[in-house]
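Here is the structure we will look at.
Lettering of chains follows the sequences in order, A, B, ..., and the numbering in each one begins at 1. Side chains included, hydrogens not; waters and symmetry mates left out as well; all remaining heavy atoms used. These figures come from a predicted structure and were not determined experimentally.
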Protein chains: 2
Amino acid sequence: MKNTGSRLSMNQPKKLKEVDCDNCGLYRLCQIAGLDADESALDSVVERRKKIANADYLYRAGDRFSGVFAVKSGIFKSISYFDDGREQIIDFHLPGELIGLEAIDEGIYLQSVIALENSSVCDMDFAEMEKLEHKFIAFQGSVIHALSRKVRLDQYQSLLIGAQSAEQRLAIFLISIFSRLRAHDMQAHSFRMPMRKDIANYLGLALETVGRVLKRFEESKLIESKGRHLKICNYSEIQQRAGLIQYDAVTKVA
Amino acid sequence: MKNTGSRLSMNQPKKLKEVDCDNCGLYRLCQIAGLDADESALDSVVERRKKIANADYLYRAGDRFSGVFAVKSGIFKSISYFDDGREQIIDFHLPGELIGLEAIDEGIYLQSVIALENSSVCDMDFAEMEKLEHKFIAFQGSVIHALSRKVRLDQYQSLLIGAQSAEQRLAIFLISIFSRLRAHDMQAHSFRMPMRKDIANYLGLALETVGRVLKRFEESKLIESKGRHLKICNYSEIQQRAGLIQYDAVTKVA
DNA sequence: GATAAAACTTGATAAATGACAATTTTTAAA
DNA sequence: TTTAAAAATTGTCATTTATCAAGTTTTATC
């Protein structure tokens, strides 16, 4: 492949982008706990901006549940294993999103979570949180909304299963990633992608197939990619190829 | 195919099996609302055992959120649509399970839910529920657990994507259905299956493939099937073929 | 019970994607 | 900058599963 780099406007320095607290999944929880007002109360409940190095575990399947994490920067994958040792990526976790919600019910983390690049998280201790009784109703309300959001986003997984081609799967994947980024106000046109093998695993495709489809997308000017960086050029056409029906939160858009 | 019906012990009368309140997903919510103690308070919040006929809608994508439903008997599918009109089944809903959790966050149902046979539900009105302030913390706690459980179970979808063959997908499907039935104490060895086309849709396979695989499973004595009725004969072998790692709630079993 | 419709089965063929192997490019390390 | 390792690309070929078409069985209705 010819070096098309010079045509691209992607030569920004790689500065670490981080979600503001205002756009963080933990925001309402932090706010409720009075953490933005009272820095001293903060430390007992939320550990802020803990760094997780590339390829390190945030937690492992089987660990006892301690609390949920919010991604401040970077990207994580949560994985489960088949009994032949093959891993299956259950989800990617983008800045602003919460990790660990699946563990609240049974009190045990059922997936392992690994950083896909140098990343950072905030960590909210649920046991400590419960002690702040007077705030607890609001706290719970926020947890409910976070969970419901997660349930809602998980429907993309089912849509992937129904996709009729590799191309459609990739399109759905891109739509899902970028709509999620936008939800937390990250610059939602440009994104550092996971590795081919991780995308492939997540989508149930061979990594060669992922590469070929992305190349076709680039030839059709839907995206521009340089290295692991991907830029959306024609969102509506990608939406077209994803073939999803979009519902607005209030009105049925069709 | 020869009629193997006489070999099967499946000629019980088709009496409507219904989950007890004790094993219902709404149970803790009902209990909290004091509904089992005080029948009069009940009516304002929970509509009990509303019948939904086969193929009728419980709600439609785009409807405003009113509350969650618990399946008392029967089975439902929730669906989303591709823009070519093709439907994608997001989930099946078995007795004891809750429907509508994805709508709490944005206040709008994002999927359409249809009964796959004559069914019944209880319906909990969230707006009414919020008025019972003194019970509200416990109520929210239960909602959180229900949601977390849902998030946890949704990981089966991802595992389906990773399955390497149609056979593995079917095995995972059977494991997921029967472990979910067992969670609500239904007789978890025998089950009235959805139609081939619905299973196929859910699993991302052609309905012919689903039929062929189930036939092979029957030849290998993993299951017995008569009409839409399916009986598990060799659970551990199915588990084997599903290839999933099982985690216990407390100890890592492997 | 008879009839029609729906659901399911079965077989043949085609096509998309997986698997393999060899290069090339990118990234990381020295 | 050089070097080594990791990741991504490219081409070929094999295989699973989708698709199509025809038949059979089951289910529902009169």
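The side chain of A:Thr209 sits closest to C:dG18 out of C:dA7, C:dG18, D:dA8. Checking D:dT17, C:dT9, D:dT19 against every side-chain atom of B:Ala206, the shortest atom distance belongs to D:dT19. When distances are taken from the side chain of B:Arg196 to each of D:dT9, D:dT17, C:dT9, the shortest belongs to C:dT9.
When rounded to the nearest whole Å, the span between CZ of B:Arg228 and P of D:dT25 equals 17 Å. Between A:Leu170 atom CG and C:dT17 atom C1' the separation is 13 Å, expressed in whole Å. If you measure from atom CG of A:Leu207 to atom P of C:dT17, you get 15 Å, rounded to the nearest angstrom. Rounded to whole Å, the distance from CG on A:Asn54 to P on C:dA28 is 8 Å. Rounded to whole Å, atom P of D:dA28 lies 11 Å from atom CE of B:Met195. Atom CG in B:Leu203 sits roughly 10 Å away from atom P in D:dA18 (whole-Å rounding). What separates NZ of B:Lys226 from C1' of D:dT26 is a distance of 9 Å, to the nearest Å. B:Gln164 places its CD atom 11 Å from the C1' atom of C:dA19, with the value rounded to the nearest Å.
Centroid-to-centroid, the aromatic rings of B:Tyr202 and B:Phe92 come within less than 6.0 Å.
Side-chain atoms of B:Ser190 do not come within 3.5 Å of backbone N or O of B:Lys231 as any donor-acceptor pair. Remark: side-chain polar atoms of A:Asp63 are not paired, donor with acceptor, to backbone N or O of A:Tyr109 under 3.5 angstrom. The backbone N or O of B:Ala61 lies less than 3.5 Å from no partner atom in the side chain of B:Gln111, so there is not a single donor-acceptor pair. With hydrogens and angles disregarded, a donor-acceptor distance shorter than 3.5 Å links the side chain of A:Arg169 to the backbone of A:Leu160.
With a 4.5 Å cut-off on side-chain heavy atoms, B:Asp91 and B:Phe76 do not count as touching.
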Grab the N/O contacts between the protein and nucleotides 11-15 of chain D below 3.5 Å, and write none if there aren't any.
{"unit_1": "D:dG11", "atom_1": "N7", "unit_2": "A:Arg212", "atom_2": "NH1", "d": "3.0"}
{"unit_1": "D:dG11", "atom_1": "O6", "unit_2": "A:Arg212", "atom_2": "NH2", "d": "3.2"}

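Residue-level contact check: B:Leu205 touches the backbone only, with heavy atoms under 4.0 Å from sugar-phosphate atoms and none from bases.
Applying the side chain to side chain donor-acceptor pair (under 3.5 Å) rule to A:Glu208 yields no partners; only residues at least two apart in sequence or on another chain are considered.
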